[in-house]
Structure formats: structure tokens, C-alpha cells
Amino acid sequence: MSAPFRFPGATAVLTGAASGIGEQLARGLAARGTHLVLLDRDAAGLESVAGAIRAEHPRLPVRAVVADLADLGALPRVAGRIRAEYPRIDLLVNNAGVGLGGSFEQVSAEEFDWLMDINFRAPVVLTRELLPALLAAPGSHLVNLSSLFGLIAPPGQVAYSASKFALRGFTEGLRHELAGRVGVTVVHPGGVRTRIAETARIPAAVPEERARKDRAEFAALLSYPAERAAADILGAVERRRGRLVVAPSAVLPDLVARLLPGSYWPVLRHAPRLLQRLPGRRRRA
């Protein structure tokens, strides 16, 4: 599918729209004239974003849907209501995700499954439910947000990396299956300035002092503006890019992991300061 994606008049379904990259994607899509169906579990935050967009674009249809992606059983009903109200869907962006620190030994089975449900299984369910609408809309597109940790798997991020590697594999396979029918993009954001550090769940087995230190160190790496990340993503959609690596902090790890797939971590563990000094650019592939 080589024709550019046309935003004006299209209908986009976007998860995780109440803050961060999702909020900026919603604003960017609205500025491009795209009709919006915004999902998030944060009702107040979601309505704040939707209300601001309605005020800026009074003629643009904006629908806010409060939904908890952890409730997998409810998602088919949510998607069914969306399809009934919007028979044509041109763009699905599975952006919502959560963080979970701690080693594999510290993460309980319940905590692991909670993360996988939101970061991987929910996008699969929503894609399955909304794919018929995408297939029926000529020129449609699907975007799944993986992570830098869908390219590398650091210690202390086994659960999160597992969810993002899974989403990456799901998306890449779909790109090949849907070629010529639906455009597909997998996105790997690096250190984008969002609330993921402060909202990340800490396993019950991790001491509170250690958790506070880990949050602070993680937050210090989040420097790339969310609005720039959103602009990068929408640019990739327009140009039908299959893969997008966002933020300077993802550039070097991506390269090192390609060159040293079995031994990248001893190199990368000593490189956080170098990552922060990389020029402000993105890598596309």
C-alpha cells in the first residue's frame, strides 16, 4: 500500500488518549481533520482532552469512551458499540500501555498477567474486533505502540519487555498478512516524556525505597517531548512506514541490538549518559 494515508474526514480509534503520547496523537489527528473515537480508563482526563479538542475544533466529531483495557471480557462489547456508531473506521491506534518494574522473581503471576492483558492481549482483542471495519475502508491503517523494550530486554523489565516483544511480533506478522489491504506500523518509542514512570506499577515484593529510586532514575531518561513523538508517528502513518523508532534514546540501543543480538546488554548498561547526549532525531526503518 503506497498511497499516503489521508487524514481529513477519516475516523480514528485511539486508546490511551487521556495523557502522554495518546493525548498528543488525538490533538494531532484533530488538527489534520480526523474524526476521533478516544478511549481511556481515566474518565476525567479523557473528558478534559476531548473537551479541549471540541473547543479548538467545534465542527469535528469527537467521541470519548471510558474503557478499562484490563477488562478483556468487556472489550468486544466496547468495540461492538464503536462499530455500530462508526461503521467506517480508517485508523486504529493501540497506544495505551502500562509499566511494571521489578525482576521476574519479584513479579507475581497476577502482576505479570495484568501487564500482558493491557499491553498485549487488549490490542489483540481490539484489532480482532475492529479489523473487519478496517478491511472495509479503502486506505485504512493500523498502528501498535511497542517500545524500545520491544527491541531490547533489560534486566528488571522482563514482564514489560515480554509484552512489548509480543506486540511487536503480532504487528509485524499482521503487516505481512494485510499487505495491500491495510497499512500497518509498529512504533518503538524510547525516552518520551509521559507519565509512565510515575504510574508504573511496582511489584509488592519490591521495597518502597527501591521503588522510589527506580522511578526517579526511569523518569530522568524521559526527555523527548510527547508532541514530537506524536508528530513522528503521524508522519509514519501518512508515509505508510512499517516500523518507526522514536526518540534519541532508542537510536543507539536499536543499532547495538542489531549488531550484537546476543550480547548487547553489557554494552548498553554503561551507555545511559551517551543516550541522553545523542542529537534530537529519530530513526526509521
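Judged by distance alone, with hydrogens and angles left aside, the side-chain atoms of Gln106 form a donor-acceptor pair with the main-chain N or O of Ser103 at under 3.5 Å. Here the side chain of Thr34 pairs no donor or acceptor atom with the backbone of Ala30 at under 3.5 angstrom. Using modelled atom types, one side-chain atom of Asn119 and one backbone atom of Val98 make a donor-acceptor pair closer than 3.5 Å.
To the nearest 0.5 Å, the span separating OG1 on Thr185 from CZ on Arg240 amounts to 8.5 Å. Distance CG/Leu36 to CZ/Arg63: 12.5 Å, rounded to 0.5 Å. In this structure, CG in Leu134 is found 10.5 Å from CZ in Arg88, a value given to the nearest 0.5 Å. Between atom NE2 of residue His35 and atom CD1 of residue Ile89 there is a gap of 13.5 Å, rounded to the nearest 0.5 Å. How far OG of Ser140 is from CG of Leu178: 8.5 Å, rounded to the nearest 0.5 Å. Atom CG of Leu92 and atom CG of Leu126 lie 6.5 Å apart (nearest 0.5 Å).
Pro87 approaches Ala133 most closely through the heavy-atom pair O-CB, 3.9 Å. Between Asp117 and Ala70 the shortest heavy-atom distance is OD2-O, 4.4 Å. When all heavy atoms of Phe170 and Pro123 are compared, the pair lying nearest together is CE2-O, 4.5 Å. Contact between Pro248 and Tyr224 at its shortest, heavy atoms only, is CD-CD1, 3.3 Å. The nearest pair of heavy atoms linking Ala50 to Val62 is CB-CG1, 4.0 Å. Here the shortest heavy-atom pairing between Val237 and Phe5 reads O-CB, 3.5 Å.
Side-chain heavy atoms closer than 4.5 Å link hydrophobic residues (I, L, V, M, F, W, Y) into clusters, and following such links, even through other members, never connects Leu148 to Phe165. Note on Leu131: it does not cluster hydrophobically with Val186, by side-chain heavy-atom contacts below 4.5 Å among ILVMFWY residues.
The side chain to side chain contact (heavy atoms under 4.5 Å, CB included) check on Glu238 picks up Pro4, Phe7, with sequence neighbours excluded. The side-chain hydrogen bond (donor to acceptor under 3.5 Å, both in side chains) search around Gln24 returns none, not counting sequence neighbours. Applying the side-chain hydrogen bond (donor to acceptor under 3.5 Å, both in side chains) test to Thr127 and every residue at least two apart in sequence or in another chain returns Asn94.
Within the 4.5 Å cutoff, side-chain heavy atoms of Arg83 are placed close to those of Pro132. Side-chain atoms of Leu135 and Arg181, non-hydrogen and from C-beta on, do get closer than 4.5 Å to each other. Inter-residue side-chain proximity for Leu145 and Leu167 is flagged as unmet; no heavy-atom pair is nearer than 4.5 Å. Residues Leu260 and Val267 meet the side-chain proximity criterion, which asks for heavy atoms closer than 4.5 Å. Val124 has its side chain out of reach of Glu129: every pair of non-hydrogen atoms, C-beta onward, lies at least 4.5 Å apart.
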**Message:** Show, in sequence, the C-alpha distance, side-chain angles and deciding distance for Val13 and Leu130, and conclude whether the side-chain contact (heavy atoms from CB on, under 4.5 Å) test is met.
**Reply:** CA-CA 9 Å; Val13 177; Leu130 298 179; 4.1 Å; yes
**Asked** Given His188 and Lys164, is the side-chain contact (heavy atoms from CB on, under 4.5 Å) satisfied, shown in steps?
**Response** CA-CA 9 Å; His188 297 281; Lys164 293 302 187 176; over 6 Å; no
**Request:** Would you please test Glu111 and Asp113 for side-chain contact (heavy atoms from CB on, under 4.5 Å) and show each step?
**Result:** CA-CA 5 Å; Glu111 290 165 336; Asp113 287 346; over 6 Å; no
**Message:** Could you go through Leu174 and Leu142, starting from their C-alpha distance and side-chain angles, then the distance that decides it, and tell me whether this counts as side-chain contact (heavy atoms from CB on, under 4.5 Å)?
**Reply:** CA-CA 9 Å; Leu174 278 181; Leu142 167 67; 3.7 Å; yes
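Evaluated for a side chain to side chain contact (heavy atoms under 4.5 Å, CB included) with Ser161, the options Ser147, Ser146, Pro154 yield exactly one hit, Pro154. The side chain to side chain contact (heavy atoms under 4.5 Å, CB included) test with Val187 is passed by exactly one of Val143, Val245, Asn95: Val143. Evaluated for a side chain to side chain contact (heavy atoms under 4.5 Å, CB included) with Leu14, the options Ile21, Leu39, Leu25 yield exactly one hit, Leu25.
Using a 4.0 Å cut-off between a side-chain N of Lys or Arg and a carboxylate O of Asp or Glu, Arg77 and Asp71 do not qualify as a salt bridge. Between Glu85 and Arg81 there is no salt bridge, since none of the side-chain N atoms of the basic residue sits less than 4.0 Å from a carboxylate O of the acidic one. Between Glu227 and Arg27, none of the side-chain N atoms (NZ, or NE/NH1/NH2) sits under 4.0 Å from a carboxylate O, so this pair counts as no salt bridge. Of the charged side-chain nitrogens involved, none lies within less than 4.0 Å of a carboxylate oxygen, so that Asp232 and Arg228 do not count as a salt-bridged pair.
By the 6.0 Å contact criterion, CZ on Arg32 is enclosed, its count of non-hydrogen atoms from other residues, nucleotides or ligands being greater than 12.
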